[in-house]
Amino acid sequence: MKRDLKKHILFRIVFGLIPIGILANLFFLHKKQSGNSGIGINVPLFFAFTLLILFGVFLLFEMVKLFYNSKIKHAISNVGIILLITVLYIIELYLNHLLN
């Protein structure tokens, strides 16, 4: 059971850090453009943000399912993962604000 819980947490954290890493790359390592870049959308930014939102929705639905199936530790770990990813995203946005 503990090994299953550790695997559950590890996979979700790694998958949650993928869009955070993409967003960090776009925010901090992207070459700056001068002036308006047009009305086109930034596709990598849109993709990473959409992936982050979909992952959060998946974790919420999975959390409800896990509570229903009496896997309380797994469900609580989902809450912790959601909070961790949210805090990392807010820190990333704050650092982007400070540096740009």
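Looking at Leu60 and Met63, their side chains come closer than 4.5 Å, going by heavy atoms from C-beta outward. Within the 4.5 Å cutoff, the side chain of Leu5 has no heavy atoms near those of the Lys71 side chain. Residues Leu95 and Phe28 have side chains in contact (heavy-atom distance under 4.5 Å, counting atoms from C-beta outward). Under the 4.5 Å side-chain criterion, counting only non-hydrogen atoms from C-beta, Phe15 is not in contact with Ile85. By the 4.5 Å heavy-atom criterion applied to side chains, Asn96 and Leu23 are not counted as neighbours.
Of the inter-residue distances, the one linking Leu52 atom CG with Leu17 atom CG reads 10.0 Å to the nearest 0.5 angstrom. Rounded to the nearest 0.5 Å, atoms CD1 (Ile20) and CG (Leu51) are 10.0 Å apart. Distance check, rounded to the nearest 0.5 Å: CD1 of Ile9 to CG of Asp4 gives 10.0 Å. Interatomic distance, CZ of Arg3 versus CG of Leu10, reported as 11.5 Å (0.5 Å rounding). Put simply, CZ on Arg12 and NZ on Lys7 are 10.5 Å apart, with the number rounded to the nearest 0.5 Å.
Within the structure, side-chain hydrogen bond (donor to acceptor under 3.5 Å, both in side chains) pairs that include any residue of residues 79-95 do not occur (at least two apart or interchain).
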Requested in this report: Take Leu59 and Glu62 through the test side-chain contact (heavy atoms from CB on, under 4.5 Å) and record every step on the way to the result.
Outcome: CA-CA 5 Å; Leu59 283 177; Glu62 185 184 40; 3.9 Å; yes

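No path of Ile, Leu, Val, Met, Phe, Trp and Tyr side chains, each step under 4.5 Å between heavy atoms, connects Leu84 with Ile90, placing them in separate hydrophobic clusters. Using a 4.5 Å cut-off between side-chain heavy atoms of Ile, Leu, Val, Met, Phe, Trp and Tyr, with links allowed through other members, Leu83 and Ile13 fall into the same hydrophobic cluster. Residues Phe49 and Val87 fall within the same hydrophobic cluster, defined by Ile, Leu, Val, Met, Phe, Trp and Tyr side chains chained together at heavy-atom separations under 4.5 Å. Taken together through direct or relayed side-chain contacts under 4.5 Å among Ile, Leu, Val, Met, Phe, Trp and Tyr, Tyr68 and Leu66 form parts of separate hydrophobic clusters. Connection of Leu54 to Ile18 is not established within any shared hydrophobic cluster, with ILVMFWY side chains joined at heavy-atom distances below 4.5 Å, either directly or through further cluster members.
The nearest pair of heavy atoms linking Ile82 to Gly56 is CD1-O, 4.5 Å. Heavy atoms only, all atoms of each residue included: Ala48 and Ile22 are closest at CB-CG2, 3.5 Å. Between Gly16 and Phe55 the shortest heavy-atom distance is CA-CE2, 3.5 Å.
Under a cut-off of 6.0 angstrom, the local environment of CZ in Phe67 is crowded, with over 12 non-hydrogen atoms contributed by other residues, nucleotides or ligands.
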